[in-house]
Structures are given as structure tokens and as C-alpha cells.
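The block underneath contains the structure these notes are about, expressed in C-alpha cells.
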Amino acid sequence: MIKEKRWKKEFEKELREFWDKNNVYEFKKSEKVFSIDTPPPYPSGKPWHIGAVAHYSQIDMIARTARMFGNNVLFPVGIDRNGLPVEIYTEKKYNVQMHKISREKFVQLCKKSLDELEEYMIQILHTIGFSADFKNHRYRTDSEEYRKLTQATFIELWKKGLIYEDTRPNNYCVKTKTTIADAEIEYKEIETNLVYIKFKTEDGKQLVIATTRPELLGACAAILYNPNDERYKGLKGNAIVPIYGHKVPIIPHPYAKPEFGTGLVMICSYGDYADVRLFRELKLPEKILIDENGRMNKNSGKYEGLLVKEAREKITKDLQEMGLVEKIEKIMHRTPFSERGKHPIEIIPMKEYYLKQIPFLDDVRKCAEKIKFHPDYYKQFLFDWIDSVSIDWPITRRRFYGTEVPIWYCKKCGEPHVPEPGKYYQPWKQKAPFEKCKKCGNKEFVGDERTLDTWMDSSISALFISGYKRDEELFKSAFPVSLRPQAKEIIRTWLYYTILRVWQLTNKCVFKHVWIGGHGVDEHGKKMSKSLGNIVDPVPILEKYGADTFRFWNAAEANVGSDFRYSESRLIAAQKFLTKLWNLSRFISGFQKEDNYKLTASDEWIISELNKTIEKCKKGYEEFNFFIPANEIKHFAWSIFADHYIEMVKARAYNKEGKFSKEEQNGAIRTLYLVLENIIKLLAPICPFITEKIWLELFSKESIHKQKFPEKIKVKQIEGITEKLIEFNSEVWKYKKEKGMPLNSSIKRAKAYKELEIFKQDLIEMHNIEELEFGEKIEIGE
RNA sequence: GGGCCUGUAGUCUAGUGGCUAUGACGUCGCCCUUACACGGCGAAGGUCCCCGGUUCGAAUCCGGGCAGGCCCACCA
């Protein structure tokens, strides 16, 4: 018997304790495993994005669904703790600069920030009822065990010859002083000056060239015009670069677009990726003007020491004074920015290690083809990215908080030495594990000081959680991984790199399913961001409404893959449904189930309706689409079961006046319990708390989360009359309303559709009708 | 420039060829009918973005616009 009048979020705490105590979500090894490569959240600051919390709620629903479908589910939880964002967070929080304090000290501060943020996130996950195995399958990507594996895979790929060192122009973030991969670049439209500069050719002709990067004049190596451009046909020889005075060839090339600027374009090392490509293609001599601090170097002559921006202004002014500027236009220019550092990037050649990816693009594409995407249109995002990858992956970073590049170099000849896999190496502070250089025999080594791109760590999460190289038994059962759930914005990074790396290491396709969640946006459909000031903190929301309300809102809010809006009024709507469900259960809990029962047509009808609901929910769950079951269950439980069936059988279930037989009475009670039992089982993956509470009160002492997903119930199917029933009930209610009669007052005579005759007795009691007839249409009253 | 997605009452949303277009929030009435007033019943509110086509029939399919979002691309 349920006593409390409302579902209280305070119940959630005791239920969490019940689950913890009974190890309800503990993973036990078995032959077949449904493995989930849970995204390890990145602790980048507070508050945690409410959209992310919603995202994790949905991932939890996937795990719970898989369990109820009879799978043994490996549902780990990790925390991603490597890389740039935490370094930036730490610099700000402790007001330090990474390069100005000792590495040891900085690493410690990062750890401190991470521990605190991790605790905060784990707390939230726990609060929302995240059913991962926190005790046995919780990991950190910066743990020794994890980094050891990252390094082992690095060493393995090194030995396969897939990693090489090269000096080539690369994306370089001057603010964070590190090379970054193309996948980490984002573009912004910003206003820029397009400066029209006068050049002279050797034979004295004047040329005007438009550029956004006048400070790179000193690195200019060629001038191009389009071969079809009538204005410049026949132009050849050399041009003289203003200020610097060096001569550069004038070359016809289709890259130059006649309609842009003057139709002449100068090629410099390096203003953009086109420059990189053209330098390579035309074999032009490279000259670097910008150093790794983002300042002009000595190659730039009198601009040495200035920041790029300052140099741009200064040289423009100088050119103007020399009368060499024809005009300046303001244009919107698409500029590459570092996604994480939020600063414009420069293209600077650096010596870095690269992981080969170009030769594997076809394999990655084949893997992607085999994976089932939910929803399927996101597969295209991955293909688009694969098609646009054009250079190998630079994997070394000049940062401190990351997995160390496990290489030592001979101090004498520079030969790189890679240690044996299986240990965690920190070359920046450890002694080299080698006796002497294998090349020159020298005995002194120096460790590499760089770290690996954090995607080198993240891209093996699927291997880490499934026990690769650490637990063969688990690996056999959990790999390939059943499902990767993730957000859409990291398709080109996390998903792509994982497929690539796992293929390189195992020659297998890593996932069977990929599930892509949408974004959480504010109630006007705008992306939440700190600058817009529309960030919603999840903690007070969870405190106010509880996890199940949040989860139900989240499930019922948007279709799989589409963005969902945060709105408090909708949360309240979700809360009302939980109250309704609670009161339904409270009502039913007042009756005693007995064995001698007989189902009447009304009972068979509601069970038939339940069966349809089970089918629909199952279909939704199978696609990991919680929008479908959430709304189906709500509709069935509220608008059919409560509004019509319960009202119909109330009299029979109470049977106060003895108008029904004992068997008929028990039939109603039996059916009430049966339908409720199935409703809460259907809802359990979405609302694990309230369903558990009702379940434990009324049905069993063993957790609902150990139960199987409902099957259709064998019953005489009664179909096609639900709408007629609803219409008839509605007409009666309307009639009483119009006459100003209370709903429990009696009606002398009524006529209902003949299909409803099977419900006769229940309908008479429900509406208090003295004489009920049946025919072709509804008639009420005299 | 290419691709993907979206456009349905004040707001949000369901609906992929068929009866008077779904539901929620909000609004307006009436009702505490012994599970629930976080409830019940009822009502108002829509040129289903626009134009054209296919069809007996289009919110739904096709073509062309317009608007918004996202992804990709070497326009200095």
C-alpha cells in the first residue's frame, strides 16, 4: 500500500543506496557482453553543461534498455583528463603560466583541478542515476594504467612504421605554443583589411596585388595570375617585392581567381593552406617570418620582435608612407582558429611526429559503412570528414599535461630510442631505460619533452574498456564494442580517430552501433555559451525537480539526434506525469490481488491496448530512441488507462453494492496490477527511480532493473473500438457538463455504439446510466 | 561553392499520400466526481514558410524559391 500522496525526489537518495548496497549494476564477465564505450567526460570547468548531463542520462537509458533486453552490459565510466583545456583552466584558476613554473609543479596543479572537477561530475552522474559500474569499471585517461596503454599502442605503431617525424608547415597555436591537428581547427568570419599593394616588375611595369597578410611580404615567393585572365596574358619574368627588394617569379596558375582583388595573388610561406600546397607544388623556397611565440623573427628585417598583428599594422603604414598602397578594403575573412585555445592559428613549420592516416582512409571508410548509425544520417558527417582528410595526423604537442611521448634520443647522434611497451614512461624526468645507443654506442640519452595529442589517448578508450592487452577473457567477449554513444561535434575527432587507431592496431572494425545525441540548446533554440549568458546550471535543476523528472523531460523532449531545448515549463509537465503515475499506483495499491478471477471484455480491451504499447515502445527502445517510449507510455498510462479504463472499472474493483461477481471484481483488480506492472517496466530505463520505488512496494523485493523487458500478454485481442469508447465517454461527460450535472449524477437513458455492448455493465456503473442501449450512433438523455 | 537537417496554433512538438491535422505548455470557462486541483471535463486558437508540379486526393512526393541551423571546402 502506497501512502505518500506524491512522488518525492527525496526517495531517489534511498533508492541509490539500495542499488549500491545490492550491486545492482555490477558487471560480471560472461561469454557474450553488450559493451558500451561510454564517453569519458572532460572536466573543463563549472557548471557542467546541462545538455551534457541530459546526454549522459540518455546514454544511461541505453545501458538500462540493453540490460532489460537480456544482455550482460559492460557499462564503464571514465574521466578524460588529458590535454589542453585543463591546462588552460589551471593557468586561470591558479593564476600561473605553464612555461613559467616547473613542469612538476604544473602537473600537480592540473591534477588538483581535475580531481575537484571530476568529483563534481561523478556526483552529478550519480545523482541522475547513471548505472555504470562505478566500483569496478571507473577509469581515468591520465592514470598510469591508461597512459601505459596509450604508450604501448604508440610503440606498437612505431614498430609497424606508421609513425614518422617530419618538419612541415602545420597549424600552430601561438597562444598555447603547440601544433594542432586539422580536426581541432574551427573557422570564424572576422573583419580583415584587404590591402592593395603596388609591386614593380623587373622591366618597370606596375602590378597591384591584394593581400590580407602584408606582414608576410618578406616571405613572398611567387605571384600568380589566372592563365585565362586577359589583363595579364603574357606577363612573365620577375616582380620586385616592396620593402624587401627580392625578386619573385610571376607564374600563370589556375589557383588565382580573376574576380578576386586584382586577379594577382602573392604566395607566401605561410599565409594559409593554399600557400602550403602551392609551395609544395611549385617547389618554392620557404622563408619563415613568424616564430613560435607569434612574433616576427629576424627574417622579417626591421619588424623583428613585433607581434604578427603589430607587424601587419606597421608594414601597412610604412607602405602607405612610401605611396605603395593603392587602397584598403574591409572584407570578412574566414580565419582558422584553434578550437580549444580560441586563438587564430599560424602556419609554422615544426618538427613533429606524424601518424600515417592517408593510407588507411579506405579502411576507415569500409568500417564506417559496416557500422549502424542511430540516427543513420550522421554517417554522412563521418564520410564528409574522411573525404576531407588530406595530410597525416600530427600527434605531438608541446604541452605538459598529457601522455608523454615515449622516446629518448642519443645525446651524441640523436638516434631516437623507443622502450618496450608495458610500462609508463616519463622521459622528461626519467632516466633512459637503455644501456647505450644502438647506433653509436654512446651512453647518454635525452628524453623527449613533448606529450601526445589527447586524441591519441581518447581514441583507444574502446580498447581500454574492453580489456585490450590487459584482460584477454574480457576482450574476447566485449570486443568489437557493441555501442559507441557520443555527441555529434566530435564525430571527426573521437569517432574518426577511434576507428582509425583500432583498425591500425587490430585490423578490426571497432563498433557495431554508433549513437549520436543532439545538442542541448536554450529555450529559444540558441546554443548555450558563456558569452551569450544563457548557460543553465544542472545542479539546482536536479535539486529542485529530481533526476527522474529531468530524465523523463529529456526523453520526451526530442527525437533521437535532434537538438533539444531546455525549458522549465516542460520540466514541470514531466513532473506532473510522474505525479500522475504515482497516484495511479497509489490507487491500485489499495486493492488486494486474489487468484479466483475472470477477465471481462473491458479487461481484455485494456490488455490489448497495453500490448500495442509494448510493441511500440520496444521498437523505439531497439533504435535507442527514447522519445517514442516516453510519449507512448505517457499517452497510454494517462489518456487511456487512467482516463478511461480506471474510470470504467472503479465500481467493479470496489464492488460496494455487490453488482459484480467476486471473479469479475478480481478480474478488474488483477488487470489493474498487470497493466501497472507493465507500465513501470516499460518506463524503467527512462525513469529508474520512481519505477523502482513502485516496483519494490507492490511487486517484488528484487530490483526492477534486474527484470526482463515486457512481452506481449496472451489475451483475446479486442481492437478497433478505443476511439468509439473515448467518444462515447466524452459525449456523456459533455452532456452532464452542459446540463450542469455533477459527473457522478445519474442519466435515465443513453445509447452507445453497438461495438461497446461488451462493456455494458462497466459503462452503466461508470456513468451511472439507468438504461443503456446500443445502436449506430450516440444518444444521451430522454 | 558543396552537403546535411529544419520550417505545422502565442511557444514548442507529432505526423512521410487519404476521413473535420497530434499532443504539451500557455489562455478562457465549469467542476474538490472518495488515486491525483501537480487533478477532471469542456472551449477558443492553424493560409501545415511561399510558388509551381505529380495525383482522384499533398503537411506528407517532385521541382524552384525564401528563412534558420549545422558540417565540409585552397578564394589571397
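Each chain gets a letter, A, B and so on, in the order the sequences are listed, and its residues count up from 1. Predicted model, so just to flag it, every value in this text is computed and none were measured.
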| note | By nearest-nucleotide position on RNA chain B, the 5'-leaning member of A:Glu731 and A:Tyr255 is A:Glu731
| task | Would you tell me if any nitrogen or oxygen in the side chain of A:Ser639 comes within less than 4.0 Å of OP1 or OP2 on B:rG23? | result | no
| task | Counting heavy atoms from C-beta on, name the nucleotide in B:rG3, B:rC38, B:rA76 closest to the side chain of A:Thr579. | result | B:rC38
| field | Along RNA chain B (nearest heavy atom to each residue), the more 5'-positioned of A:Ser730 and A:Trp385 | value | A:Ser730
| message | Can you say whether a donor on the side chain of A:Arg277 sits under 3.5 Å from an acceptor on the base of B:rC74, or the other way round? | response | yes
| note | Looking only at B:rC74, B:rA76, B:rG40, the nucleotide nearest the A:Ala274 side chain is B:rC74
| message | With a 4.0 Å limit, can you tell me whether A:Lys379 has a side-chain N or O closer than that to the phosphate oxygens OP1/OP2 of B:rC4? | response | no
| Paired with B:rG42 by Watson-Crick or G-U wobble geometry, both distances under 3.5 Å: which nucleotide is it? | B:rC28
| query | Distance check: side-chain N/O of A:Lys734 vs OP1/OP2 of B:rA43, anything under 4.0 Å? | reply | yes
| message | Students often mix this up, so state it plainly: with edges at 30° and 60°, are the rings of A:Trp393 and A:Tyr497 parallel, tilted or perpendicular? | response | parallel
| task | Searching all strands shown, indicate the nucleotide that pairs with B:rC4 (Watson-Crick or G-U wobble; both distances under 3.5 Å). | result | B:rG69
| What is the pairing partner of B:rC75, taking Watson-Crick or G-U wobble pairs with both distances under 3.5 Å in any strand? | none
| Now, which nucleotide makes the Watson-Crick or G-U wobble pair with B:rC56, with each of the two distances under 3.5 Å? | B:rG18
| message | Using the side-chain contact (heavy atoms from CB on, under 4.5 Å) criterion, which residues pair with A:Asp392? Sequence neighbours excluded. | response | A:Tyr164, A:Tyr354, A:Lys356, A:Gln357, A:Ile358, A:Pro359
| message | With no hydrogens and no angle check, just 3.5 Å: does a side-chain donor-acceptor pair link A:Arg586 and A:Asn583? | response | yes
| So, does the side chain of A:Lys737 form a donor-acceptor pair with the base of B:rC30 at under 3.5 Å? | yes
